Amino acid sequence: MIILVKKNAEKRQVDNLLAWLKAHKIDPHVSVGAQETLIGCVGDVSHLDIDLVSALDVVESVQRIQDPFKAANRKFHPEDTIVDCSGPTIGGGHFLVIAGPCSVESEEQVIGIAKAVKAAGATLLRGGAFKPRTSPYSFQGLGAEGLKMLIAAKRETGLPIVTELMNSAHLDLFNDVDVIQIGARNMQNFDLLKEVGHHTRKPILLKRGLSGTLQELLMSAEYIMASGNPNVMLCERGIRTFETATRNTIDLTVVPILHRLTHLPVVVDPSHATGVAKLVHPVAAAATAIGADALIIEVHNDPPHAKCDGAQSQTPEMFAETMELVRKLRPLAIR
Ligand code: PEP
Ligand code: MN
């Protein structure tokens with residue numbers, strides 16, 4: 001961190017600032033120039049409130065030269081993290097596709113879809129049991145019963161399962177779940193992030209918040225990792241913008257940016273990003289080409305009658321076509 005001192009600062013004020021920094025275990029290096037005085041701060045500045053330092057009387061501006069995230073930072077961990085999802089792996093050149101319904105609706109439905117997506121090449125099954133819905137009057141998911149149905153589909157097909165956790169009190173129900181999803185709406189539910197850091201080593205699929213910046217996404221991953229769970233995957237699922245043609249706006253540039261900033265695998269969700277089943281195919285192709293480590297795609301046997309997100313759900317036939325294209329593009333992917 002570099003502090004630029006105000007031009008009219010008195011020596012007494014600068015001395016007070018130096019003493020304050022030392023009290024915070026920072027080793028300040030002062031360089032007095034003809035035009036300005038700079039203080040280079042050596043030491044762990046991650047605990048300093050940068051806004052508070054900026055607001056001090058004597059301070060003109062503050063520049064952070066270190067990223068505020070450590071565990072997720074590629075600078076401190078140059079190798080790609082490979083996350084083991086109970087067999088299938090993501091990251092470090094390992095690519096996979098997660099597919100399944102938005103919500104588990106019945107055992108028959110989820111087993112049928114699981115078989116279809118497996119036949120097309122998916123290696124993980126998704127399905128929501130606890131659903132974060134905008135309206136309290138919408139289908140809220142089958143809860144614990146839905147989880148049992150998803151586990152039955154895992155038993156039947158051998159596909160590891162991915163499902164969303166909304167409340168840490170439900171963690172005990174998730175013993176047979178392979179990957180825990182933290183949804184977009186909970187990206188900054190810091191207590192929940194700490195809980196999945198402390199109480200499990202299961203892989204966490206962390207979705208980007210509706211208006212979450214990349215820095216915020218990385219800081220949320222940092223919460224999980226700093227709490228003890230290093231198995232985190234980041235998921236771009238579209239962000240909220242002024243555009244209304246699609247449900248969200250896909251931000252694919254984050255894939256190469258995240259690969260530079262972090263060693264964690266990056267997953268793209270073309271279903272929630274677009275909200276339109278026909279757009280899932282081209283966006284899945286683009287996400288693969290730009291170097292995503294995995295895709296998560298919603299597939300439903302009967303989209304018009306889906307209890308949740310039917311408009312963006314591919315049929316098993318559409319999904320099989322997407323898988324075929326993704327397989328062709330994967331060797332050409334940028335990395
Ligand atoms: C989902 O995966 O069904 C979901 C609700 O996703 P998101 O949190 O990205 O909206
Ligand atoms: Mn959904």
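Keep in mind the model is a prediction, meaning the values are calculated, not measured. Because only heavy atoms are used, hydrogens play no part in the values below, and waters and symmetry mates are left out as well, while side chains stay in. Ligands are counted one by one from 1 in listed order, and the atoms in each one are counted from 1 as well. Sequence positions, counted from 1, serve as the residue numbers for this chain.
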Sub-4.0 Å heavy-atom contact, Glu298 with ligand 1: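 True for this residue.
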Contacting atoms of ligand 1, where contact means under 4.0 angstrom from a heavy atom of [X]:
X: Arg126; answer: 1 (C), 2 (O), 3 (O)
X: Gln181; answer: 1 (C), 2 (O), 4 (C), 6 (O)
X: Gly183; answer: 8 (O)
X: Cys102; answer: 3 (O)
X: Arg237; answer: 7 (P), 9 (O), 10 (O)

Do [X] and [Y] have side chains that approach each other closer than 4.5 Å (heavy atoms only, starting at C-beta)?
X: Glu216; Y: Met219; value: no
X: Glu195; Y: Leu165; value: no
X: Asp80; Y: Pro265; value: no
X: His170; Y: Leu147; value: no
X: Glu156; Y: Lys115; value: yes

Nearest protein heavy atom with distance in Å, relative to [atom]:
atom: atom 6 (O) of ligand 1; value: Lys207 NZ, 3.0 Å
atom: atom 8 (O) of ligand 1; value: Ala184 N, 2.7 Å
atom: atom 4 (C) of ligand 1; value: His272 NE2, 3.4 Å

Is a side-chain N or O of [X] found less than 3.5 angstrom from the main chain of [Y], in a donor-acceptor match?
X: Gln109; Y: Ser103; result: yes
X: Glu236; Y: Gly238; result: yes
X: Asp67; Y: Phe69; result: no
X: Glu243; Y: Ala245; result: yes

Nitrogen or oxygen of Arg185 less than 3.5 angstrom from that of ligand 1: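 It does: an N or O of Arg185 is found under 3.5 Å from an N or O of ligand 1.
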Test: Asp269 and Lys207 ion pair at under 4.0 Å: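 Yes, this pair counts.
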The Mn ion (ligand 2): protein N, O or S atoms that are less than 2.8 Å away, sorted by chain: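 Per the 2.8 Å query on the Mn ion (ligand 2), atoms found are Cys102 SG, His272 NE2, Glu298 OE2, Asp309 OD2.
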Partner set under ring pair (Phe, Tyr, Trp, His ring centres under 6.0 Å) for His77, not counting sequence neighbours: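 So His77 forms a ring pair (Phe, Tyr, Trp, His ring centres under 6.0 Å) with His263.
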